[in-house]
Protein chains: 2
Amino acid sequence: MARKTNIDPDRGDARTRLLDAARDIVRSQGFAATSVDQLCKAAGVTKGAFFHHFANKEALGVAAAQYWSETTGALFATAPYHDHADPLDRVLAYVDFRRDIIAGDLEAFTCLVGTMTQEVYHAHPAIREACAASIFGHAATLEPDIEAAMKARGIKGDWTAASLAAHTQAVLQGAFILAKAADDPAVAIDGVDHLKRYITLLFQASPMGGQHD
Amino acid sequence: MARKTNIDPDRGDARTRLLDAARDIVRSQGFAATSVDQLCKAAGVTKGAFFHHFANKEALGVAAAQYWSETTGALFATAPYHDHADPLDRVLAYVDFRRDIIAGDLEAFTCLVGTMTQEVYHAHPAIREACAASIFGHAATLEPDIEAAMKARGIKGDWTAASLAAHTQAVLQGAFILAKAADDPAVAIDGVDHLKRYITLLFQASPMGGQHD
DNA sequence: CAAAACATACCAACCAGTCGGTATGTTAAA
DNA sequence: TTTAACATACCGACTGGTTGGTATGTTTTG
């Protein structure tokens with residue numbers, strides 16, 4: 001199992017290398033604009049290997065989303081923002097952590113599953129579902145801390161921990177889009193700063209605060 | 001000028017119909033996955049007409065972004081949210097207006113230029129620039145009201161009117177992505193509600209409020 | 001040796017873009 | 001006012017290259 005390629009050994013097995021290539025190329029070009037040949041070339045693998053591991057291009061998209069979930073999941077699980085005593089501090093430290101990641105090329109810090117969802121949500125429901133699982137699964141890891149922070153401060157706004165957790169991801173995704181449009185990572189950092197300010201204000205407000213309408 | 005097509009008359013000239021088709025199809029399939037033939041078929045136009053009006057597919061993308069700017073610009077310019085005496089009310093009414101638009105199919109209310117940017121920012125800088133002009137141009141229409149609201153309430157946070165205006169667009173774009181992932185417009189509405197809450201809190205806070213770090 | 005993991009060769013469909021031609025004005029000189 | 005010259009708008013067959021996918025052969029591993 002996990003045999004190495006003739007073309008380009010010493011870089012792991014074909015499947016992993018194809019998924020790595022997909023992560024990088026799809027992030028900068030999108031899913032539809034990325035051809036199977038291009039992926040094979042980048043991974044140093046032939047088409048035979050590609051269709052041995054993936055039934056079709058859509059299946060690679062699904063696998064890439066899952067691979068993204070696993071790798072980023074591991075990154076966030078071991079990140080230092082969990083090491084705060086206060087739950088609100090953990091949430092704010094998460095936002096800071098996301099802020100610190102934003103640097104260098106856009107392809108390096110933007111979100112694969114956000115990019116793919118936007119593009120293929122209609123044509124490839126299977127990929128859409130895998131992306132949704134990745135996004136909302138990651139958001140769910142924030143929920144306990146948000147919930148605990150609400151309880152600790154007696155916050156009872158017209159919003160839920162799940163909704164705020166999802167919103168953090170929405171702000172990040174939107175910040176990435178604007179950064180791509182402006183071709184400037186600083187725009188993304190601006191968005192994260194607004195997010196941190198929002199969370200801070202939410203938990204500064206009176207226990208019943210943050211309501212409107 | 002503006003001659004009608006043989007294939008499908010009584011629907012305006014070929015150029016406009018191609019741009020209408022691009023708006024609808026690209027929103028649901030993305031730019032790369034949309035073929036010229038598909039656009040021609042949907043517009044009731046032949047390839048000859050397509051390449052008469054657009055030098056290449058990229059040029060259509062640029063024109064589609066500009067067309068989007070013009071049509072949505074007219075929509076927002078005549079929208080009723082401008083009819084409030086207080087500038088902050090105008091800003092909040094804008095957010096309400098954006099909220100009300102979210103209904104029905106995702107392809108009907110999501111943003112063409114946000115979708116395109118995400119996909120082609122690297123491969124087609126010309127389209128990226130046209131999308132950026134659309135997004136930040138629209139954001140700029142909010143700036144005077146935000147600025148006036150800040151002045152009226154003596155708000156001096158560590159953020160600018162331009163940055164908050166941009167952030168409104170980031171939240172909307174991100175909300176659209178999550179709605180696509182979840183295949184549920186309600187997710188987008190949640191995001192807009194958080195945005196309104198944020199703006200409300202920003203202007204409720206003490207004059208020097210909303211600072212952190 | 002059996003089966004998984006690759007490589008090679010190939011195909012039909014589709015792709016963006018081209019090109020020669022037609023239909024319908026518009027302009028302006030005779 | 002006729003008409004020649006020119007411009008714009010559009011048509012549709014065609015092309016060279018690319019696409020996702022397949023069929024089959026070879027190599028490695030357990």
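Naming: A, B, ... by sequence-line order, numbering from 1 per chain.
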Distance col, row A:Thr117:OG1 vs B:Lys180:NZ, nearest 0.5 angstrom, shows 9.0 Å
Atom NE2 of A:His122: over 12 foreign heavy atoms under 6.0 Å: no
Roughly how many Å is it from CD in B:Gln38 to P in C:dA13, rounded to a whole number? 19 Å
Calculate the interatomic distance between A:Arg15 atom CZ and C:dA4 atom C1'; express it in whole Å. 14 Å
Calculate, to the nearest 0.5 Å, the distance between atoms NE2 and OG1 belonging to B:His138 and B:Thr168 respectively. 6.5 Å
Going by heavy atoms closer than 4.0 Å, what residues in residues 45-58 of chain A are next to DNA chain D? A:Lys47, A:Phe51, A:Asn56, A:Lys57
With under 30° as parallel and over 60° as perpendicular, where do the rings of A:Phe76 and A:Tyr94 fit, or are they tilted in between? tilted
Are any of the side-chain nitrogens in B:Asp96 or B:Arg99 under 4.0 Å away from the carboxylate oxygens of its partner? no
With sequence neighbours excluded, tell me which residues meet side-chain contact (heavy atoms from CB on, under 4.5 Å) with B:Asn56. B:Glu58, B:Ala59
For DNA chain D, the residues among residues 21-31 of chain B that have a non-hydrogen atom under 4.0 Å from it: none
Counterpart residues, side chain to side chain donor-acceptor pair (under 3.5 Å), relative to B:Glu119 (two or more places apart): none
Tell me the interatomic distance from A:Lys41, atom NZ, to C:dA7, atom C1', rounded to whole angstroms. 17 Å
Would you please enumerate the stems DNA chain D participates in, each stem being three or more consecutive Watson-Crick or G-U wobble pairs with both distances under 3.5 Å? C:1-30 with D:1-30
I need the CG-P distance between A:Asp13 and D:dT28, as an integer number of Å. 16 Å
Grab the CG-C1' distance between B:Leu39 and C:dC14 for me, whole Å please. 15 Å
A:Arg23/A:Asp20 salt bridge by N-O under 4.0 Å criterion: yes
Between B:Phe136 and B:Gln169, is there a side-chain heavy-atom distance shorter than 4.5 Å? no
Please enumerate all residues that pass side chain to side chain donor-acceptor pair (under 3.5 Å) together with A:Asp145, with sequence neighbours excluded. A:Arg90
Ignoring hydrogens and angles, state whether a donor on the side chain of A:Gln173 or A:Gln118 is under 3.5 Å from an acceptor on the partner side chain. no
